[in-house]
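By convention here, the first residue in the shown sequence is residue 1.
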Amino acid sequence: QSYICCVKMTYFNRAWRPRRLAKCCLVLALLLPVASLDTPRSTTSNLPAISEAPAITTGGDGAKDPMNELLHWAIEHSDPEKLKELMQQYKDRNLTLKDLHGQELIDAFFKTEADVMVEQIAVISDWQNASMEEGVLEAALEELEENLHQIDNAGNLHRMGGMVPLLELGLGRERSEEIRSSALHALGVAVQNNAPVQKELASLDGLKRLANHLQRCEGNGDSKSPEDASPQFCGKLLFTISGLVKNEADLQAEADTLGIIDWMLDVGARHPSLAVARKALALVETVLAQNSMPESMNRLPMHRAALASVLLGRVRGAVPGDFDIDLSEKALALISRLLSRRPMLFAASFQQELSEAVKSALEACHANIGDDEICRNLAGLASEADRILSAQHISDDEL
């Protein structure tokens, strides 16, 4: 039964929660012993063919519920008479579902996501307990994070007492960086496109507390200093900050005042971790798209040469073999956004330098990726920046 349940799980996408899968497993565990199969079920070779699995669709109109589909499959392949006989055997032997399948599976069948969140928050809240193993804490964080993808569950996080321990755990020093990174990631998931949760985290002075840890991400990634954070931690830190300020003008203004935008351009954009650099460029581009003129824009001309150098490097790849298509796209998108706000931001030579960087990027794109559509998208982003730069040379008489 366990084997069949594991096989059936492969038909579900990641949107399915383990608890829902456990419910289906319980249904299968009850019905498969009396399944009407052509051959005995004593070996795994006699299991139902993969082709017999239920057709499952997700999303869109007319989407089917995978749990119902699996239930229907189990019922259609069961024998009512054998089921009746089996139930009588259980009754004669005084067996319960708990005896047969264990309390954990029974709990999974009846507990709600809210019940699960309360349990996991209780575990996470005890994170300072030295006797708690890292594995227990990591499992609680993973299950809580899964539930936080659901916007209503995220909305209940603070009311259930989970936001404060996540923030304190993520920014503390007592646990491993893997655990702290997971805590920040869960917090970042909760605030994604969720204004009430963003405000709740902000009310805890969350943005300032998160920003204070950016200085730990200024090392080269190889430092052994306990003050320097790993790229994994820094990536989750930026993920959480980005989710917190997105679509919130007041928080974006606070981020600018705290120097977060300056840090993203001065430090984050040149970070040795490409994942951190991508997040830094994307965060600045998002803020500029949603906030017409943050104060940090007034400071850009003072270090435009350094900014141009790092952005051009990210477009073409800082060193040979270091090309990253996503990072190149984000650098071009940010260049266009900066130019749309300050057309004369860069030196007169920047257009030619950008053209050469784009040429190198396109060559690397075709050589390393070989997808014409992706490379055309990159060329399209470059054309937008070039169009803005070319407009600088049009005289008033030509307009």
Side-chain angles (χ1 to χ4, degrees), residues 14 149 181 184-185 188-189 191-193 214 217-218 220-221 229-247 255 260-261 263-290 306-341 346 350 353-389:
R14 291 178 62 85
H149 284 278
S181 297
L184 286 180
H185 184 68
V189 168
V191 298
Q192 291 297 313
N193 300 309
L214 287 174
C217 298
E218 297 179 3
N220 59 15
S230 68
Q232 178 191 21
F233 177 88
C234 296
K236 302 305 182 185
L237 179 64
L238 267 63
F239 172 71
T240 305
I241 292 174
S242 178
L244 179 55
V245 304
K246 190 175 182 180
N247 299 320
I260 291 176
I261 307 302
W263 188 94
M264 297 298 162
L265 292 172
D266 296 342
V267 181
R270 66 179 76 245
H271 197 279
S273 166
L274 300 185
V276 172
R278 285 195 296 267
K279 288 182 174 65
L281 296 181
L283 189 153
V284 177
E285 199 277 331
T286 296
V287 171
L288 291 180
Q290 298 174 352
L307 178 59
S309 177
V310 68
L311 290 177
L312 290 171
R314 290 313 191 186
V315 169
R316 64 174 173 262
V319 295
D322 190 33
F323 180 72
D324 182 279
I325 182 66
D326 192 23
L327 184 56
S328 184
E329 289 178 343
K330 284 180 169 52
L332 284 170
L334 179 55
I335 288 171
S336 293
R337 188 68 65 184
L338 288 168
L339 291 171
S340 70
R341 296 287 184 262
F346 299 112
F350 183 77
E353 293 170 341
L354 178 60
S355 177
E356 294 172 357
V358 169
K359 180 180 178 180
S360 297
L362 289 174
E363 290 174 352
C365 181
H366 288 294
N368 299 332
I369 299 175
D371 188 315
D372 289 341
E373 183 176 355
I374 292 177
C375 298
R376 282 198 299 270
N377 290 339
L378 186 67
L381 288 169
S383 295
E384 175 62 18
D386 186 70
R387 182 188 63 80
I388 299 174
L389 289 166

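Put simply, OG on S309 and CZ on R270 are 7.0 Å apart, with the number rounded to the nearest 0.5 Å. To the nearest 0.5 Å, the span separating CG on L184 from CZ on F233 amounts to 5.0 Å. Distance check: K279 NZ to L274 CG gives 11.0 Å after rounding to the nearest 0.5 Å.
At a threshold of 4.5 Å between non-hydrogen side-chain atoms, the residues L311 and L281 count as touching. Taking 4.5 Å as the limit, some side-chain heavy atom of I261 sits within range of a side-chain heavy atom of L283. The side-chain heavy atoms of H366 and D371, taken from C-beta on, include no pair separated by under 4.5 Å. Side-chain atoms of D386 and V358, non-hydrogen and from C-beta on, never get closer than 4.5 Å to each other. Put simply, the side chain of L327 does not reach to within 4.5 Å of the side chain of V315, judged on heavy atoms. Between I241 and L214, some side-chain heavy-atom pair lies under the 4.5 Å cut-off. Side chains of W263 and V284 form no contact here, defined as non-hydrogen atoms less than 4.5 Å apart. Counting heavy atoms from C-beta on, the side chains of V287 and I260 never come closer than 4.5 Å.
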Please walk me through it: do F350 and L389 pass side-chain contact (heavy atoms from CB on, under 4.5 Å)?
CA-CA 9 Å; F350 183 77; L389 289 166; 3.9 Å; yes
Apply the test salt bridge (charged side-chain N to carboxylate O under 4.0 Å, His left out) to residues E384 and R387: give CA-CA distance (whole Å), side-chain angles for both, the deciding distance (0.1 Å), then the verdict.
CA-CA 5 Å; E384 175 62 18; R387 182 188 63 80; 2.7 Å; yes
With side-chain contact (heavy atoms from CB on, under 4.5 Å) as the test, would you mind laying out the steps for R316 and F323 before giving the verdict?
CA-CA 6 Å; R316 64 174 173 262; F323 180 72; over 6 Å; no
Would N247 and Q290 satisfy side-chain hydrogen bond (donor to acceptor under 3.5 Å, both in side chains), going step by step from the backbone distance to the final call?
CA-CA 7 Å; N247 299 320; Q290 298 174 352; 2.7 Å; yes
Verdict with supporting geometry, C217 and L237, side-chain contact (heavy atoms from CB on, under 4.5 Å)
CA-CA 9 Å; C217 298; L237 179 64; 4.2 Å; yes
Intermediate values then yes/no, side-chain contact (heavy atoms from CB on, under 4.5 Å), F346 and L354:
CA-CA 11 Å; F346 299 112; L354 178 60; over 6 Å; no
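A salt bridge between K359 and E356 is absent, with no side-chain N of the basic residue lying under 4.0 Å from a carboxylate O of the acidic one. For the pair R278 and D324, the salt-bridge criterion is met [side-chain N within less than 4.0 Å of a carboxylate O].
The minimum heavy-atom distance linking S328 with A361 is given by the pair OG-CB, 4.0 Å. Nearest heavy atoms, I325 versus C365: CD1-SG, 4.1 Å. C375 approaches L362 most closely through the heavy-atom pair O-CD2, 3.5 Å. Contact between R341 and L288 at its shortest, heavy atoms only, is NH2-O, 2.6 Å. Residues L244 and V191 come closest through the heavy atom pair N-CG2, 3.7 Å. When all heavy atoms of R314 and H271 are compared, the closest pair comes out as NH2-O, 2.6 Å.
Listed for the T240 side chain is a donor-acceptor partner under 3.5 Å among the backbone atoms of K236.
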